Amino acid sequence: MKQIFVFGIIIINGFTLLAQQKVGINTQTPLRTLDVVGEGAQYIRVHTNTAAGGSGLELIRGTNVAARDWKFMNDNGNLRIVQSEDNFATSDEVVRFNGDGYMGIGTTVPTSTLHIAGGNQLSSGGHGYLTLGTQSFMRMSFDNHTVQARDNNASSELLIQAYGGDTHFGSTGGRTFMAMGIGKVLMGNNDLSAKVNIESDNFQMYLRNDEDDVNDWYIGASDNEWLAGDNQLLFSPTSNSNDAVLRLMSVTENDGNNAPVMIRSSATQALLLDGNEIDTRDEPLYINHNSDQNTLLNPSGGRVGIATSSPQATVHVNGISGTPNLSLQTDNVVWHVNTSSGNGDLTFSWGDLWLASINDVNGQWLTASDARLKENILPLQNTLESVKKLKIYNYAFKHDSLHTRHIGLLAQELNVYFPEVVKQQEDGQYGVTYAHLAVIALKAIQEQQQLIVTLRGKLQRLKAEHAVPSANTQTTDLSPIKSR
């Protein structure tokens, strides 16, 4: 072993030990207690040959004094950083790197690349588990469930992707709560006039479905560059604003072209609504068009006006000249009821054929009887004998709980003699056209009158044949008059 001692410096095979207890390895001018100098990679190795032991480095601030000391150690494959104030008679672990390469701060069992446990809660005025920045200036603070930006000890604005890039919240599930207190949410502008503020030149909201065969939905407030026009709140199944099926417009009245609410299914099918008006564009308004459900109008009372804004009855129809007021149809059978503007009569028509009216002055019923409407015209014969056989009854209807008495005929009996005035309904019941009985009675009177005329003629002839002679006439035969 080569040993050189020069002016208090001991050099042993390149190992230099100064009198001031500085050791230099590969250097004769160590600057620290141990100074290792070399070219390329250099290592200091502390090696233990025992399986149960550990190897490490202790940093001590004093000898047997109360000071914070540190130890870096390889403990059974875990890199541990511990502290002590009693020369490691006892110690607290601060940092650990485990065999998986996970780093734990405040925990001896890290479960992620960086696992921080312990600290103080931001909600209680602490500084959190992790701080980025200095406490007295702008900084980011984290605890186990809180992220907050602070300026000194006051809350500050938190910027996420302020300079571009996508931001995802709960992209694989979970719930996101925003501005649950008195805060507000802002997207796309600097106006915080409401709890949620979104500004964009296109649809402000896009609601996606996770099914390929279901439409997504676009919601937005339009401007004058949109196809749908300006100042509308649109709900569209496509990204085309003109396809919006529901529009809320900035108008107060329904003028038949625009309204506060427009429901649109095509360019020609649009329903316009305001507080008490419903209109359509270009096409008719249908109610229960594809349904067999009941349609109820004012079921609790009130009047219904058709073509009038001031109904005078439960249902008030204001007719248009030349158009029936009311049409009743079953299959191809159509009846029209109308008020005549010419004479005021209430008319009934079958298709285009007028059949009856009610006079507006005396209420008389007028029935169509124009000869031009009739064919196969034949005289009515032998009425009197049949009329004489008719029985007139006094009766009450079974369905009448008041048992009101009526005078009339029995349809089945009348049908034997005058089937023309009896009609069987679809449900099998019989009805009588009593108005026609007046014509039958008129014909019977005519026949009776003819009989009277005939008998009167016979009586006149009898009187003439058996007249009493005058005083100057000689009676030649006083025998009784023979029967003729």
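Because the structure is a prediction, the values reported are computed rather than measured. No hydrogens, no waters, no symmetry mates; every other heavy atom, side chains included, goes into these values.
No more than 12 heavy atoms of other residues, nucleotides or ligands shown are found within 6.0 angstrom of CG on D352. Dense packing is recorded around CG of N362, with more than 12 heavy atoms of other residues, nucleotides or ligands lying under 6.0 Å away. Annotation for R405: atom CZ counts as buried by contact number, over 12 foreign heavy atoms lying within 6.0 Å. Surrounding CG of D427 are more than 12 heavy atoms belonging to other residues, nucleotides or ligands, all under 6.0 Å away. For K423, the NZ atom sits in a loose shell: 12 or fewer heavy atoms of surrounding residues, nucleotides or ligands are nearer than 6.0 Å. Remark: E225 CD is loosely packed, at most 12 non-hydrogen atoms of other residues, nucleotides or ligands lying under 6.0 Å away. Atom CG of L459 has more than 12 heavy atoms from other residues, nucleotides or ligands within 6.0 Å. Other residues, nucleotides and ligands contribute only 12 or fewer heavy atoms inside 6.0 Å of the CD atom of Q429.
Between M140 and V147 there is a side-chain heavy-atom pair separated by less than 4.5 Å. Residues L285 and D279 have side chains not in contact (no heavy-atom distance under 4.5 Å, counting atoms from C-beta outward). Using a 4.5 Å heavy-atom threshold, the side chains of F418 and T433 count as separate. Within the 4.5 Å cutoff, no side-chain heavy atoms of L272 are placed close to those of I278. The side-chain heavy atoms of T404 and F397, taken from C-beta on, include no pair separated by under 4.5 Å. Contact check for W70 versus V82: no side-chain heavy atoms found under the 4.5 Å cut-off. Side-chain contact between R139 and H127 is present, with at least one heavy-atom pair separated by less than 4.5 Å.
Between the side chains of Y430 and N415, no donor N or O sits under 3.5 Å from an acceptor N or O. Under the 3.5 Å distance criterion, with hydrogens and angles disregarded, no donor-acceptor pair is assigned to the side chains of Y286 and Q269. At a cut-off of 3.5 Å, with distance as the only test, a side-chain donor of N288 or T295 sits close to an acceptor on the other residue. Remark: the D143 side chain and the Q148 side chain contain no N/O donor-acceptor pair separated by less than 3.5 Å. Residues T339 and N325 bring a donor and an acceptor atom of their side chains to less than 3.5 Å of each other. Judged by distance alone, the side chains of T268 and E283 do bring a donor and an acceptor atom under 3.5 Å apart. Residues D345 and T347 have side chains that never bring a donor and an acceptor to within less than 3.5 angstrom of each other. Side-chain polar atoms of D243 and T238 form a donor-acceptor pair below 3.5 angstrom. Judged by distance alone, the side chains of K184 and S193 never bring a donor and an acceptor atom under 3.5 Å apart. In the model, H336 has a side-chain atom that pairs as donor or acceptor with a side-chain atom of S327 under 3.5 Å.
A centroid separation of 6.0 Å or more is found between the aromatic rings of W217 and F203. Aromatic rings from Y102 and H115 are positioned such that their centres are separated by 6.0 Å or more.
Distance CZ/R80 to CD/E93: 4.5 Å, rounded to 0.5 Å.
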Check step by step if side chain to side chain contact (heavy atoms under 4.5 Å, CB included) holds for I306 and N318.
CA-CA 6 Å; I306 301 176; N318 184 20; over 6 Å; no

Stepwise salt bridge (charged side-chain N to carboxylate O under 4.0 Å, His left out) check, K389 with E385
CA-CA 7 Å; K389 296 176 182 178; E385 290 302 319; 5.9 Å; no

Verdict with supporting geometry, Y218 and Y206, ring-ring contact (aromatic ring centres under 6.0 Å, His included):
CA-CA 5 Å; Y218 296 80; Y206 176 34; 4.5 Å; yes

